[in-house]
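Below: the structure, in structure tokens.
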Amino acid sequence: MIKQLKPAAFVVSCALAAASPSKAAQVVMITHGFNADATDWVSSMAERMVDYTAWWGQTTSCYQLTVATNSTGAFVVSPSLIRGLPADQSTSGNIIIKLDWSNVAGSVESVPFQIHPAPFATDVIAQAVVPRLLEAGLIPTMQGHALAELPLHFIGHSRGGSLISEIARMLGREGITVDQLTFLDPHPCVANVFPDSLGCPVFDPAPALFANVQFADNYYQLNNELLELDGQSVAGAYNRRLTSLNGGYGSAHSNTHLWYHGTIDLASPASDGLAGITGQDRAVWYAPGETNGAAAGFLHSRIGGGDQSSTNQPLGAGFPAVESGRIGPRLPLAINSRDWPNLSTVRLRNAGFDYSSGVGSALRREGVVHPGSRLDLEVEWIHSAAGSETISYHLDADANPLNGLGQLLTTDLLTQIPGNPGGTQVRSLELTNPTPYGLYWLAAVISGNNRQRIVYADQKIAVLPELRLTLLADGTLRTRGADGYAAAIEEAQDVGTWNLFETVAFPGLQPGTPATTDRPVSLTESRRFFRSRYLGPSSAQ
């Protein structure tokens with residue numbers, strides 16, 4: 001609304017809309033294949049994620065989940081904290097899992113040369129892992145929560161591609177949606193095909209996408225060389241075939257996970273602990289549309305913040321678009337108990353702003369609301385077989401549900417439509433007045449059938465004072481806004497063409513609280529209009 005304050009000046013306040021995938025409170029599991037373990041490149045990849053430009057929060061939790069057999073031959077799957085803080089103490093809420101199944105994956109000993117054949121197919125390994133992901137209290141510091149309660153992103157190289165596919169399928173049998181599968185040169189064991197027959201006398205299931213997988217991306221190469229393992233395409237994924245993977249390990253099969261590492265660690269050179277990518281490698285390994293790795297691979301994850309529904313074709317016209325990983329075909333689940341309810345989307349629709357925290361950093365996105373105003377959301381869910389669920393909404397001061405969910409806003413009872421297991425709604429939530437100024441995450445929890453899943457909204461929420469412009473009698477334009485934030489003041493003479501008048505940066509002594517600044521203006525024009533909008537934190541301008 002435009003309000004006339006004096007014959008010479010008019011004022012209006014506005015903001016810009018934005019949305020992005022949530023970067024908070026999820027489980028990212030990385031795993032290896034034959035003749036490898038969770039040290040070296042797996043560890044390096046996990047460590048570099050925390051330094052990714054789009055990462056929210058200062059800390060994370062990194063665990064190792066080790067698969068082995070005991071003296072009786074039974075599987076033992078045990079967790080241990082490797083790096084970072086216990087799960088209930090990190091600010092990001094993200095939990096990175098290094099899945100180490102090297103004891104049962106098969107290996108080659110170089111001196112003396114000896115092959116230790118793979119004793120189990122990947123579906124057998126998955127049968128040991130999945131119950132632990134469903135187990136409440138597997139990690140004691142998760143305060144009784146199961147890993148499967150959070151969004152799940154699995155990354156697997158070589159045989160690990162078959163393993164994560166089987167883990168996702170078995171989770172689907174329980175009714176659990178999997179947020180993302182990332183295949184890195186997937187190569188299942190095929191016992192009667194050379195060179196697999198040397199160390200893999202088992203048959204792994206082929207990597208596949210089932211109905212419970214929301215997004216999948218696959219990075220693979222085909223060299224057709226005698227002793228070089230090739231990857232394969234996966235139906236329904238965003239399939240990015242890699243070529244010219246020279247240098248690095250000297251092996252295109254290993255260079256595939258190094259290629260993905262280079263989309264997380266954007267430095268030149270970048271190293272995964274065993275091999276490195278130079279600036280010259282980046283120019284050849286990545287297509288022009290992939291911006292030397294910055295617009296590829298990990299960008300398409302929730303943490304990366306890329307648009308998984310993008311129609312962008314990084315390799316150019318005629319090649320797959322990113323969205324193919326979301327809209328591609330899925331196989332039906334032979335068994336789906338639907339024991340678990342699911343939240344697939346919690347999207348904030350309030351106006352907000354984008355800003356960058358530094359040169360080369362990814363955009364941050366915040367929705368802006370004011371005490372006493374409303375949060376507008378779009379929510380999608382899937383019912384459990386019981387069909388009686390609730391969704392509760394919480395304002396959380398950090399992104400970690402394991403240390404408490406913060407202020408409860410409301411709880412909704414969901415009604416299942418016969419014949420339709422899913423639902424969607426646009427929801428408007430009222431903020432209590434006064435709601436303390438500050439930055440929040442919006443957590444949504446779906447509960448039913450004695451199980452729950454937790455998803456955070458797609459962007460942070462800044463509860464800020466409303467921007468107000470007041471033209472004082474002495475010709476001073478007074479701007480009221482949030483301390484520690486910057487605002488753009490624009491002017492026009494006909495409310496049709498707006499030009500930047502000034503950028504106001506409030507000092508930041510008490511971030512988020514009301515602050516004012518005054519600026520003399522000329523009132524010689526017969527008509528003059530002003531409006532304002534938040535730009536983001538002052539430190540980012």
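Heavy atoms only: backbone and side chains are in, while hydrogens, waters and symmetry mates are out.
In this structure, the side chains of Leu152 and Arg453 come closer than 4.5 Å at one or more pairs of heavy atoms. Residues Ile82 and Tyr63 have side chains not in contact (no heavy-atom distance under 4.5 Å, counting atoms from C-beta outward). For the pair Tyr219 and Asp185, the minimum side-chain heavy-atom distance is 4.5 Å or more. Within the 4.5 Å cutoff, side-chain heavy atoms of Ile277 are placed close to those of Leu258. Residues Tyr238 and Pro320 meet the side-chain proximity criterion, which asks for heavy atoms closer than 4.5 Å. The shortest side-chain heavy-atom distance between Val455 and Pro151 falls under the 4.5 Å cut-off. Side-chain contact between Ser384 and Arg451: absent, with no pair of heavy atoms (C-beta onward) separated by less than 4.5 Å. In this structure, the side chains of Leu138 and Leu65 come closer than 4.5 Å at one or more pairs of heavy atoms.
Trp259 and His257 are not linked by any side-chain donor-acceptor pair at a separation below 3.5 angstrom, with hydrogens and angles left out of the test. For the residue pair His394 and Ser392, a side-chain donor N or O sits within less than 3.5 Å of a side-chain acceptor on the partner. In this structure, a donor-acceptor pair under 3.5 Å is absent between the side chains of Thr243 and Gln221. Residues Tyr249 and Asp272 bring a donor and an acceptor atom of their side chains to less than 3.5 Å of each other. When only modelled atom types and interatomic distance are considered, Asp230 and Tyr220 share no side-chain donor-acceptor pair under 3.5 Å. Remark: the Thr311 side chain and the Gln313 side chain contain no N/O donor-acceptor pair separated by less than 3.5 Å. In the model, Ser447 has no side-chain atom that pairs as donor or acceptor with a side-chain atom of Glu389 under 3.5 Å. No side-chain donor from either of Thr91 and Asp398 sits under 3.5 Å from a side-chain acceptor of the other.
Remark: side-chain polar atoms of Arg282 are paired, donor with acceptor, to backbone N or O of Asn292 under 3.5 angstrom. Side-chain atoms of Gln89 never come within 3.5 Å of backbone atoms of Pro86 as a donor-acceptor pair (strictly under, hydrogens ignored). Looking only at distances, no side-chain donor or acceptor of Arg48 sits under 3.5 Å from a matching main-chain atom of Ala46. For Asp40 (side chain) and Gly273 (main-chain N/O), no donor-acceptor pair under 3.5 Å exists by modelled atom type. At least one donor-acceptor pair closer than 3.5 Å links the side chain of Asn342 to the backbone N or O of Thr177. A distance-only check finds no donor-acceptor pair linking the side chain of Asn94 to the backbone of Thr60 [under 3.5 Å]. At distances below 3.5 Å, not a single donor-acceptor pair connects side-chain atoms of Ser162 with backbone N or O atoms of His187. A side-chain donor-acceptor contact under 3.5 Å links Asn255 to the backbone of Gly247. Within the 3.5 Å criterion, the main-chain N or O of Phe298 finds a donor-acceptor partner in the side chain of Ser301. Not one N or O on the side chain of Asp88 forms a donor-acceptor pair closer than 3.5 Å with the backbone of Leu402.
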Stepwise, does the side chain to side chain contact (heavy atoms under 4.5 Å, CB included) test hold for Ile264 with Asp51? CA-CA 8 Å; Ile264 301 170; Asp51 300 324; over 6 Å; no
Hey, mind stepping through Asp458 and Val346 against side chain to side chain contact (heavy atoms under 4.5 Å, CB included) and telling me if it holds? CA-CA 6 Å; Asp458 57 348; Val346 182; over 6 Å; no
Please walk me through it: do Gln180 and Thr182 pass side chain to side chain donor-acceptor pair (under 3.5 Å)? CA-CA 7 Å; Gln180 183 172 354; Thr182 296; 3.3 Å; yes
Worked check of ring-ring contact (aromatic ring centres under 6.0 Å, His included) between Phe75 and Phe120: CA-CA 11 Å; Phe75 283 106; Phe120 304 103; 4.9 Å; yes
Pair Leu184, Ile155 - check side chain to side chain contact (heavy atoms under 4.5 Å, CB included), show working. CA-CA 7 Å; Leu184 305 178; Ile155 302 171; 3.7 Å; yes
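Of all heavy-atom pairs spanning Pro314 and Ala287, the tightest one is O-CB, 3.8 Å. Closest heavy-atom contact between Ser251 and Glu228: OG-OE2, 3.1 Å. The two atoms that bring Ala385 and Ser337 nearest to each other are CB-O, 3.6 Å, heavy atoms only. Closest approach of Arg330 and Val213 over heavy atoms only: NE-O, 2.9 Å. Of all heavy-atom pairs spanning Cys200 and Phe34, the tightest one is SG-CD1, 3.9 Å. Closest heavy-atom contact between Glu149 and Gly144: OE2-O, 4.4 Å.
The pair Arg326-Glu323 fails the salt-bridge criterion, with no side-chain N (NZ, NE, NH1 or NH2) lying under 4.0 Å from an Asp/Glu carboxylate O. By the 4.0 Å N-to-carboxylate-O rule, Arg302 lies close enough to Asp179 to be salt-bridged with it.
Atom CG of Asn450 is surrounded by 12 or fewer heavy atoms from other residues, nucleotides or ligands within 6.0 Å.
Tested against Ile139, the residues Ser80, Pro79, Ser61 include a single side-chain contact (heavy atoms from CB on, under 4.5 Å) partner, Pro79. Partner Ile167 forms a side-chain contact (heavy atoms from CB on, under 4.5 Å) with one of Leu99, Ile125, Val178 and no other, that one being Leu99. When Arg83, Met29, Gln64 are each tested for a side-chain contact (heavy atoms from CB on, under 4.5 Å) with Lys98, only one passes: Gln64.
The CG atom of Asp339 lies 11.5 Å from the CZ atom of Arg173; values are rounded to the nearest 0.5 Å. Atom CG of Leu81 sits about 8.0 Å away from atom CG of Leu85, to the nearest 0.5 Å. Atoms NE2 and CZ, from His153 and Phe215 in turn, are 8.5 Å apart once rounded to the nearest 0.5 Å. A distance of 5.5 Å separates CD1 of Ile96 from SG of Cys62, quoted to the nearest 0.5 Å. Rounding to the nearest 0.5 Å gives a distance of 11.5 Å between CG of Asn218 and CZ of Arg240. If you take CG on Asn246 and CD on Gln280, they are separated by 13.0 Å, rounding to the nearest 0.5 Å.
Here Trp41 and His157 bring their ring centres to under 6.0 angstrom of each other. Taking the six-membered ring for Trp and the full ring otherwise, the centers of Trp101 and His32 sit less than 6.0 Å from each other.
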